[in-house]
**Q** 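Handing you this structure, nothing more for now.
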Amino acid sequence: MDSVTRDGDGQLCLGGVALSTVVGDPRAGTPAYVYDLGAIRAEARAMRAAFDGAPHVVAYAVKANSAGAIVRVLREEGCGADVVSGPELALCLEAGVPPDRVVYSGVAKTDAELDLAIGAGILAIQIESAEEIPRVAARARAAARRVHVSFRVNPAVEREALATHAHIATGHDEAKFGIPIDLVGAGLDDVDRHAELALVGIGSHVGSQLVTTEPYVVAARKLFALAREVHARRPLSFVDTGGGFGVDYGAGCEAAPADFIRATRKEQVAAGLGSLALLCEPGRSLVAKHGVLVACILQRKAAHHRRWVMIDAGMNDLMRPALYQARHRIVPLLATQGPLADVTVVGPVCESTDDFGVYALPEDASGAVAILDAGAYGFTMASRYNGRALPAEVFVEGGRVVGSVPRDPPGAWIADRLRS
Ligand code: LLP
């Protein structure tokens, strides 16, 4: 399911569209994210097929990429959504995602956000602490509704066992996320005291970019043991093992999403919970490989033994390298036969961390490059730092461009800042 290919002329293509056509297109401009909707669709189909007909919801973690075109494609493929804010919830509802396939996670929800979720009648508000229970109950009472909730449990998997970057490991006992497993009993008693709350599910999310299934399965086993006890006394309708399926950013990724799903389902059945729906909350694995960030080379610089290539995309457009030391391969849009040189690729932002790393690019490279595997946590984490515009977005499907959103218009940032 590779979205990025080279055509016979050496042109880099995404979803069959030569990316050079995007560069010159005034409807977009660079930097521009380009996404392959067809491949995202196929990714969702493959994921859903891995459940082999068992009851399930693939609740897409919208935080990975909230572009309307992508949310709609995933809705068409029968996915639900995992949201973490009122605006994400409103977006999904507006895009037609059925509320009974939406779960709402987050450690600190406002009353207005809870009211929106309660009014929409979503599948479950995921409760992340004992302290949240009376708050959700109060909003349920105010709305005179019985509200479906689930517990997001923190299964306390060792941070090292998660084998991912510390910033994206969440299922260990120092994280702010989830109800510690030993406090779940007291939480259940509290839910029982509130007639306006109905516990319908138990879930966890232990971390992101997991490249093997082991830590996921360890967490799932703990979760299912707990869910089994709970289910015996208060029938549940689902268990939710969260997101976290890794992708290959160039250093390999042993496990595919289907491996995570099949391994989890096996544990679920072994725990005697086979009749419950199995939820997962994938974000990255649905979209990362099917988006690139196209940028133009603005300038080169050589000083002493160092060589830089400066592009028009910066850390404000793609924050992952600055925040997690992530490596995203960078390749020229047009393959050349000439010699390659190791250069440090940097953006225009006034920060030392505005550095995408060292890549071998053609010595004479001018023109444009693509930063690969940028479909997840790219645009959604972009900012206007340094007065920069938010990047453009272009959508391709079936070998053609089917939509685009231009960059912030020139002057948008200035007008915004002059409002004060
Ligand atoms: N569910 C919950 C409750 C989450 O907190 C997350 C991600 C997901 C699902 C989706 O995880 P995924 O399948 O995408 O791994 N900005 C970081 C990733 C932060 C992930 C936060 N939570 C990055 O660029 O690597």
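One-based numbering, in listed order, for ligands and for the atoms of each. Predicted model only: the values in this text are computed from it and were never measured.
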**Q** Parallel, tilted or perpendicular, judged at 30° and 60°: which one describes the rings of F379 and Y33?
**A** perpendicular

**Q** Within 45° of the six-membered ring axis of Y359 and under 6.0 Å from that ring's centre, is NZ or CZ of R327 located there?
**A**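 Yes.
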
**Q** Under 4.0 Å from ligand 1, counting heavy atoms only, is it the side chain of K63, its backbone, both or neither?
**A** side chain

**Q** Relative to Y104, does K109 satisfy both conditions: NZ or CZ under 6.0 angstrom from the six-membered ring centre, and within 45 degrees of the ring's axis?
**A** yes

**Q** Show the atoms of ligand 1 that are less than 4.0 angstrom away from any heavy atom in G283.
**A**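 Selected atoms, number and element: 12 (P), 13 (O), 14 (O).
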
**Q** For ligand 1, is there an N or O atom under 3.5 Å from any N or O atom of S285?
**A** no

**Q** Would you mind telling me if ligand 1 is within reach of the side chain of R320, the backbone, both or neither, using heavy atoms under 4.0 Å?
**A** side chain

**Q** Please classify the A64 to ligand 1 contact at 4.0 Å (heavy-atom distances, strictly less than): side chain, backbone, both or neither.
**A**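 A64 to ligand 1: no contact under 4.0 Å from either part.
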
**Q** For a quick check under 3.5 Å, do R152 and H205 share a side-chain donor-acceptor pair by atom type?
**A**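 Distance-only check fails for R152 and H205.
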
**Q** Side chains of H290 and E43: do they bring a donor and an acceptor to under 3.5 Å?
**A** yes

**Q** Please work out, at 4.0 Å between heavy atoms, whether the side chain, the backbone, both, or neither of E281 comes within that distance of ligand 1.
**A**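 For E281, backbone and side-chain atoms both sit under 4.0 Å from ligand 1.
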
**Q** Taking atom types as modelled, find out whether D82 and Q126 have a side-chain donor-acceptor pair closer than 3.5 angstrom.
**A** no

**Q** Just going by heavy-atom distances, which of F177, F245, Y249, Y324 is nearest to atom 17 (C) of ligand 1?
**A** Y324

**Q** Is the distance between the ring centroids of Y249 and H328 under 6.0 Å?
**A** yes

**Q** What atoms in ligand 1 come closer than 4.0 Å to a heavy atom of A61?
**A**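 Those qualifying, in numeric order: 8 (C), 9 (C), 10 (C).
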
**Q** Assess the side chains of Y216 and T241: does a donor N or O sit below 3.5 Å from an acceptor N or O?
**A** yes

**Q** Just to check, does R152 reach to within less than 4.0 Å of ligand 1 when the distance is taken from its heavy atoms?
**A** yes

**Q** Report yes if P282 has an N/O atom closer than 3.5 Å to an N/O atom of ligand 1; otherwise report no.
**A** no

**Q** Considering the heavy atoms of S208, write down every atom of ligand 1 situated less than 4.0 Å from one of them.
**A**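 Ligand 1 atoms under the 4.0 Å threshold to S208: 11 (O), 12 (P), 14 (O), 15 (O), 20 (C).
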
**Q** So if I count the atoms of ligand 1 from 1 in the order they appear, which ones are less than 4.0 Å from some heavy atom of M381?
**A**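 Those qualifying, in numeric order: 16 (N).
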
**Q** Here's a test for you: under side chain to side chain contact (heavy atoms under 4.5 Å, CB included), which of V309, L372, L293, I371 qualifies with I330?
**A**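 The passing option is I371.
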
**Q** Please verify whether a non-hydrogen atom of G242 lies at under 4.0 Å from ligand 1.
**A** no

**Q** Relative to the heavy atoms of D82, which atoms of ligand 1 are at a distance of less than 4.0 Å?
**A** 1 (N), 2 (C), 9 (C)

